[in-house]
Amino acid sequence: MPELPEVETTRRGIEPFLSGQTIARVNVRESRLRWPVELPDHLSGSVVKSVARRAKYILIETATGALIVHLGMSGSLRVVAPNDAPRLHDHIDIEVKHGQWLRYNDPRRFGSFHFVEHPSAQHWLLKNLGPEPLGNEFSGDYLFATSRKRKVAVKNHIMDGKVVVGVGNIYAAESLFRAGIRPSTPAYKVSRLAYRFLAEAIREILANAINVGGTTLRDFVGSDGQPGYFKQSLNVYGRQGEACNVCQAQLKLQILGQRSTVYCPTCQTFSGWKRPVC
DNA sequence: ACTGGCTCCTGAGGGC
DNA sequence: TGCCCTCAGGAGCCAG
């Protein structure tokens, strides 16, 4: 389940392989992804100028436009040799002139491929996205300002891509734990101070995960394309019923916005002015 | 303008 | 061992 750190790790992994190279051909074996894959013929022969990222979208930018790739829930990209037989769910090959191919695999087909002519930021998938969590626009004050009239749970607020991008279910839960905030607290009830802790927690946790992912980059090419740093220590996600790492209280499960949410009932009580001890 | 619920899909995991 | 059932999850879409 690629979250932002995995997408960024993927981007870093494929960038040196694609940048400056000419796309020889794009072979779509299965076009039924989240939206039908329709790519223009003129992709063949274009030179890749850069491999960028916006939210969880990977932007492969060429002279004539940009390929917008989303990994969905189960998508991955890996570099393979041309004679490498496609495996189950290997849906798309991007054949690069220097020999090796970039291969997209996605069992659940929640991912997507689009091509858009410049400027890609105006594409309908990208134009309504909120700021990057690791960028300068994002801060506790920003979260506070955007939440004043919002009654949704604070967890749903930070998972809303129009508010801030790249905070998925796992990192939302972990950030709220780090900040000591109860996930179900209505967004408008969370204080400016609490949002400052939360924004800092989001930045630290995402940045750390990207760093950890970076250490596995050497295994990226030729592997299964999974960054594989997922075993990183999680304090709450997936740990319902277990003991809190900080206070030993039993972690609780709550469904918020159709998403499982685990939190510590003791540590996560902060929404106002005084942060709890643990 | 907001909000919650639905949807796509497959594989993992639990129960028997 | 094997089958069946349930559920997870990103994010756009739509109805209320």
Side-chain angles (χ1 to χ4, degrees), chain A residues 1-11 28-38 53-59 68-77 86-92 104-114 116 122-133 143 145-176 183-190 202 206 209 224-228 230-231 234 236-242 251 253-262:
Chain A
M1 50 202 86
E3 294 237 11
L4 188 97
E6 288 160 284
V7 177
E8 176 60 19
T9 298
T10 296
R11 185 197 72 75
V28 180
R29 214 172 278 109
E30 171 61 86
S31 63
R32 294 174 302 167
L33 300 189
R34 173 149 197 200
W35 293 282
V37 179
E38 294 167 5
R53 180 185 60 74
R54 176 73 176 102
K56 292 179 186 168
Y57 294 96
I58 292 173
L59 311 174
I68 304 174
V69 180
H70 199 290
L71 302 178
M73 253 283 303
S74 56
S76 63
L77 287 162
R87 301 179 225 168
L88 189 63
H89 307 308
D90 279 345
H91 303 315
I92 296 174
Y104 178 75
N105 179 286
D106 187 0
R108 295 186 190 173
R109 310 209 313 262
F110 280 14
S112 65
F113 269 67
H114 286 86
V116 60
Q122 294 311 308
H123 190 265
W124 62 276
L125 284 172
L126 307 178
K127 65 182 181 187
N128 291 322
L129 294 175
E132 291 286 330
L143 279 181
T146 51
S147 64
R148 288 310 80 196
K149 290 181 178 175
R150 297 206 71 191
K151 295 173 186 169
V152 289
V154 58
K155 174 165 178 268
N156 297 342
H157 187 64
I158 61 174
M159 287 181 68
D160 184 340
K162 291 188 286 299
V163 174
V164 58
V165 301
V167 182
N169 201 34
I170 299 169
Y171 292 106
E174 294 298 317
S175 303
L176 286 159
S184 57
T185 313
Y188 75 95
K189 285 192 177 175
V190 177
I202 290 171
L206 287 176
D224 60 2
Q226 306 292 339
F230 212 49
K231 1 180 150 94
L234 298 172
V236 285
Y237 180 80
R239 296 192 62 231
Q240 60 270 27
E242 297 179 32
L251 299 178
L253 175 71
Q254 183 178 18
I255 304 298
L256 293 173
Q258 282 93 275
R259 291 288 174 265
S260 307
T261 306
V262 185

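Note on naming: letters A, B, ... go to the chains in the order of the sequence lines (proteins, then strands), and numbering restarts at 1 for each one.
- In this structure, A:Phe110 forms no aromatic stack with the base of C:dA11, since the conditions of centre separation below 5.5 Å and plane angle below 30° are not both met.
- Ring geometry, A:Tyr104 versus A:His91: the interplanar angle falls from 30° to 60°, so the pair is classed tilted.
- Separating the CZ atom of A:Arg109 from the P atom of C:dA11 is a distance of 19 Å, rounded to the nearest angstrom.
- Rounded to an integer number of Å, the gap from NE2 of A:His91 to C1' of B:dC9 is 10 Å.
- For A:Pro131, the side chain to side chain contact (heavy atoms under 4.5 Å, CB included) partners at least two apart in sequence or on another chain are A:Glu137, A:Tyr142.
- Not one N or O on the side chain of A:Glu8 forms a donor-acceptor pair closer than 3.5 Å with the backbone of A:Pro5.
- Ranking C:dG10, B:dC9, B:dT3 by closeness to the A:Glu3 side chain, first place goes to C:dG10.
- Applying the side chain to side chain contact (heavy atoms under 4.5 Å, CB included) criterion to A:Asp160, with sequence neighbours excluded, gives A:Arg150, A:Lys162, A:Val163.
- Taking atom CG of residue A:Asn169 and atom P of nucleotide C:dC7, one finds them 16 Å apart after rounding to whole Å.
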Identify all pairs in which a protein N or O lies below 3.5 Å from an N or O of nucleotides 11-14 of chain B, and state each distance.
| residue | atom | partner | partner atom | Å |
| --- | --- | --- | --- | --- |
| B:dG11 | OP1 | A:His89 | NE2 | 2.7 |

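- Here the P atom of nucleotide B:dT10 and the CG atom of A:Leu71 are 18 Å apart, to the nearest Å.
- When the side chain to side chain contact (heavy atoms under 4.5 Å, CB included) test is applied to A:Thr185, the partners found at least two apart in sequence or on another chain are A:Val154, A:Ile181, A:Arg182, A:Lys189, A:Val190, A:Ser271.
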Between the protein and nucleotides 12-16 of chain C, list every N/O to N/O distance that falls short of 3.5 Å.
| residue | atom | partner | partner atom | Å |
| --- | --- | --- | --- | --- |
| C:dG12 | OP1 | A:Tyr57 | OH | 3.0 |
| C:dG12 | O4' | A:Arg34 | NH2 | 3.1 |

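- In this structure, A:Arg259 and A:Ala153 both approach DNA chain B, and ranking their closest nucleotides by distance from the 5' end singles out A:Ala153.
- As a whole-Å value, the separation of A:Met73 CE from B:dT7 P is 18 Å.
- Among residues two or more places apart in sequence or in another chain, the side chain to side chain contact (heavy atoms under 4.5 Å, CB included) test is passed with A:Lys151 by A:Tyr188.
- Of the listed nucleotides (C:dG10, B:dC6, B:dC9), B:dC6 has the atom at the smallest distance from the side chain of A:Gln258.
- Distance CD1 (A:Ile170) to P (C:dA11): 12 Å, rounded to an integer number of Å.
- Taking the C1' atoms of five terminal pairs at each end of the helix from B:dC2-C:dG16 to B:dC16-C:dG2, the two resulting helix axes are inclined by 50°, rounded to 10°.
- In this structure, the separation between NE2 on A:His157 and CG on A:Leu143 is 5.5 Å, given to the nearest 0.5 Å.
- Taking only side-chain nitrogens and oxygens, A:Ser260 comes nearer than 4.0 Å to OP1 or OP2 of C:dA8.
- Atom-to-atom, CG of A:Asn105 to C1' of B:dC9 comes out at 13 Å; the value is rounded to the nearest Å.
- Between A:Met159 and A:Asn169, some side-chain heavy-atom pair lies under the 4.5 Å cut-off.
- The phosphate of B:dC2 (OP1 or OP2) has no side-chain N or O of A:Lys149 nearer than 4.0 angstrom.
- Evaluated for a side-chain hydrogen bond (donor to acceptor under 3.5 Å, both in side chains) with A:Thr261, the options A:Lys155, A:Gln254, A:Gln240 yield exactly one hit, A:Lys155.
- Listed by first and then second residue, the salt bridge (charged side-chain N to carboxylate O under 4.0 Å, His left out) pairs that reach into residues 165-175 of chain A come to none, sequence neighbours excluded.
- Under the salt bridge (charged side-chain N to carboxylate O under 4.0 Å, His left out) criterion, A:Arg108 pairs with no residue at all, not counting sequence neighbours.
- A search for salt bridge (charged side-chain N to carboxylate O under 4.0 Å, His left out) contacts involving A:Arg148 returns nothing, not counting sequence neighbours.
- Screening A:His70, A:His123, A:His114 for a ring pair (Phe, Tyr, Trp, His ring centres under 6.0 Å) with A:Tyr57, the sole residue that qualifies is A:His70.
- Rounded to whole Å, atom C1' of B:dC2 lies 16 Å from atom CZ of A:Arg148.
- Non-hydrogen atoms lying under 4.0 Å from DNA chain B are contributed by nothing in residues 155-166 of chain A.
- Not counting sequence neighbours, A:Arg109 has no partner by the salt bridge (charged side-chain N to carboxylate O under 4.0 Å, His left out) test.
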